[in-house]
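I'd like to ask some things about the structure below.
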Amino acid sequence: MTRVNVMQPWLGEEEAAALADVIASGWVAQGPRVAAFEQAFAESQQASYAVATSNCTTALHLALVVAGIGPGDDVVVPSFSFIATANAPTYVGARPVFADVDGTTGNLTAGTVEQALTSRTRAVIAVDQGGVPVDIGALRALCDPRGIVVVEDAACAAGSTYRGRPVGVEAEIAAWSFHPRKILTTGEGGMLTTSRADWADRARKLREHAMSASAAARHQSVLAPPEQYDEIGFNYRMTDLQAAVGLVQLARLPEAVARRRELAAAYAKEIGEIYGLRAVADPSWGTSNFQSFWVEVGHGYPVDREGLMAALAAAEISARRGIMAAHRQPAYADRDTGGVALHVTEWLTDATLILPLFHQMSESEQARVIDVLRDPRSVL
Ligand SMILES: *Cc1c(COP(=O)(O)O)cnc(C)c1O
């Protein structure tokens with residue numbers, strides 16, 4: 001029996017040809033292709049400005065820097081997320097304050113954020129977990145009057161929509177990931193999108209050592225003027241190699257999302273008939289790209305989450321435990337992260353698992369997964 005993987009990037013000859021072109025051009029670092037990728041990404045996401053970065057974690061870091069978040073500030077984050085979400089406030093010396101999530105979407109809500117607000121809250125990082133759009137309008141209605149910046153962590157959400165438009169549009173600033181675990185990949189890579197010109201300009205500079213003129217611009221002239229470093233910056237650049245792959249991947253995004261939604265719908269139809277299982281679904285305000293297709297193993301199901309993981313493994317099917325809870329990790333165990341109860345987070349992280357879903361998945365592979373879901377004891 002061949003193994004069914006949980007995820008496989010969708011890459012092909014077009015990406016290979018695009019890479020060969022970059023290598024032949026002799027310019028492989030951040031340059032014209034990064035600029036072209038930024039423009040294409042901004043257009044496709046209806047963003048005013050896009051700044052490419054080395055990954056989403058660095059994009060989140062830059063987002064908090066340009067938003068002016070620093071020591072003494074509190075930033076509300078979901079514990080129910082990849083740990084980079086919680087680490088970003090820590091990088092700028094702020095305190096991540098964990099808020100609980102909604103059990104249906106796995107996302108923050110205005111209600112859960114409100115419980116975590118303090119007199120020092122200056123920002124919220126709202127995640128579109130697994131591609132499910134967060135209700136960003138409700139969060140902004142809570143945060144805007146209080147002067148709290150909402151940063152959207154759209155790492156998983158390229159191709160997801162909120163009220164008929166791409167996610168990220170309704171946040172002042174959003175961060176994206178192009179890690180192979182996400183739908184659109186550049187190997188490693190990230191993007192910052194924002195509606196604010198001043199934030200985009202500062203992020204663009206900070207990602208390149210806060211240099212007064214970019215390396216690409218300096219290369220244009222034979223005798224480059226001396227550069228100046230106006231503040232302490234970072235090296236968070238994307239390369240033209242990555243951007244060339246990103247341009248190909250971006251053009252494929254609609255097809256990639258359509259295929260994932262088709263596979264997700266086929267899962268949802270079957271899982272809806274299995275007592276004790278619940279599958280992730282679109283919320284009323286938008287559509288998911290189903291970057292992660294998770295199911296919750298409820299009390300009426302014949303086995304628990306670990307039992308289902310074991311059954312899938314016995315059938316050579318690779319699943320993953322659900323989204324992590326950052327507050328349970330040793331890195332945060334001894335830190336002050338606010339005192340909010342995280343019951344829903346703990347339930348979801350213990351009771352959910354992520355099923356295989358990838359572009360090239362065949363009907364027979366999906367049928368194998370569904371067979372195990374229907375009768376997990378048959379393979380144990
Ligand atoms: C993957 C992920 C990140 C980190 O993205 P990188 O590009 O790997 O740095 C951040 N937040 C969330 C919610 C993610 O899923």
Side-chain angles (χ1 to χ4, degrees), residues 6-7 9 34 37-38 41 50-65 75-92 96 98-99 101-102 105-108 123-134 136 139 150-160 162 167-168 171 173-193 203 207 234-239 242-243 245-246 249-250 260 280 288-294 320-327 329 331-332 345 348-349 352 354 357:
V6 69
M7 173 71 183
V34 168
F37 183 40
E38 289 174 338
F41 193 81
V51 180
T53 56
S54 48
N55 55 62
C56 179
T57 306
T58 53
L60 285 170
H61 183 187
L62 286 182
L64 293 179
V65 174
V75 180
V76 176
V77 297
S79 166
F80 188 67
S81 184
F82 182 60
I83 198 159
T85 309
N87 287 351
T90 313
Y91 296 155
V92 296
F98 290 127
V101 291
D102 169 63
T105 61
N107 286 332
L108 295 181
V124 173
I125 304 182
V127 179
D128 303 301
Q129 192 51 258
V132 177
V134 65
I136 194 89
L139 293 184
V150 181
V151 177
E152 190 162 350
D153 180 345
C156 306
S160 297
Y162 179 73
V167 294
I173 191 158
W176 309 77
S177 174
F178 308 130
H179 185 273
R181 182 66 187 82
K182 322 295 180 182
I183 294 183
L184 188 172
T185 187
T186 58
E188 291 274 359
M191 193 74 78
L192 200 72
T193 54
R207 76 156 166 202
F234 311 95
N235 181 358
Y236 286 171
R237 286 176 296 214
M238 179 182 274
T239 69
Q242 292 165 302
V245 173
Q249 290 264 301
L250 185 62
R260 295 188 77 83
V280 62
S288 177
N289 61 9
F290 292 109
Q291 183 263 342
S292 284
F293 189 87
W294 52 262
R320 291 283 176 276
R321 285 183 184 80
I323 315 299
M324 62 179 290
H327 73 280
Q329 293 301 314
Y332 285 97
T345 296
L348 285 179
T349 203
T352 59
I354 295 167
L357 201 167

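Not measured: the values here are computed from a predicted model. In listed order, ligands and their atoms are each counted from 1.
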Below the 3.5 angstrom mark, is there an N/O of C56, backbone or side chain, next to an N/O of ligand 1?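 Yes, since at least one N or O of C56 sits under 3.5 Å from an N or O of ligand 1.
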Element-labelled atoms of ligand 1 that are located less than 4.0 Å from some non-hydrogen atom of V127: 13 (C)
Distance from atom 7 (O) of ligand 1 to nearest protein heavy atom, with residue and atom: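 Checked against all protein heavy atoms, atom 7 (O) of ligand 1 sits closest to S177 OG, 2.7 Å.
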Just which atoms of ligand 1 are under 4.0 Å from any heavy atom in S81? 13 (C)
Of the backbone atoms (N, CA, C, O) and the side-chain heavy atoms from C-beta on, which set of A155 has a member under 4.0 Å from an atom of ligand 1: side chain, backbone, both, or neither? side chain
Between the candidates M191, H61, Q291, K182, which shows the shortest non-hydrogen contact distance to atom 15 (O) of ligand 1?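 That would be K182.
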Looking only at N/O atoms, are T57 and ligand 1 under 3.5 Å apart anywhere? yes
Please report whether ligand 1 has a polar contact with D153, defined as an N or O pair separated by less than 3.5 Å (distance criterion only).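 Indeed, backbone or side chain, D153 has an N or O that close.
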Okay, side chain of E188, backbone of N55: is any donor-acceptor separation there less than 3.5 Å?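 No; judged by distance alone, with no hydrogens or angles, the pair does not exist.
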Could you tell me which atoms of ligand 1, counted from 1 in the order shown, lie closer than 4.0 angstrom to a heavy atom of C156?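 Answer for ligand 1: 15 (O).
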Checking side-chain polar atoms at under 3.5 Å, does D128 have a donor or acceptor matched by the opposite partner on S160? no
Using the ring centroid of each side chain, check whether F37 and F178 are separated by less than 6.0 Å.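 Centroid separation for F37 and F178: below 6.0 Å.
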Using a strict cut-off of 4.0 Å, indicate which atoms of ligand 1 neighbour a heavy atom of T85.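 Selected atoms, number and element: 11 (N), 13 (C).
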R181 and S292: side-chain donor and acceptor closer than 3.5 Å?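 Judged by distance alone, the side chains do pair up.
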Would you say Q129's side chain and F80's backbone share a donor-acceptor pair under 3.5 angstrom? yes
Contact summary for Q291 and R260, nearest pair of heavy atoms: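 Result for this residue pair: O-NH2, 2.9 Å.
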May I ask you to decide if G190's main-chain N or O and S177's side chain share a donor-acceptor pair within less than 3.5 Å?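 The answer is no, because no donor-acceptor pair under 3.5 Å joins these two groups.
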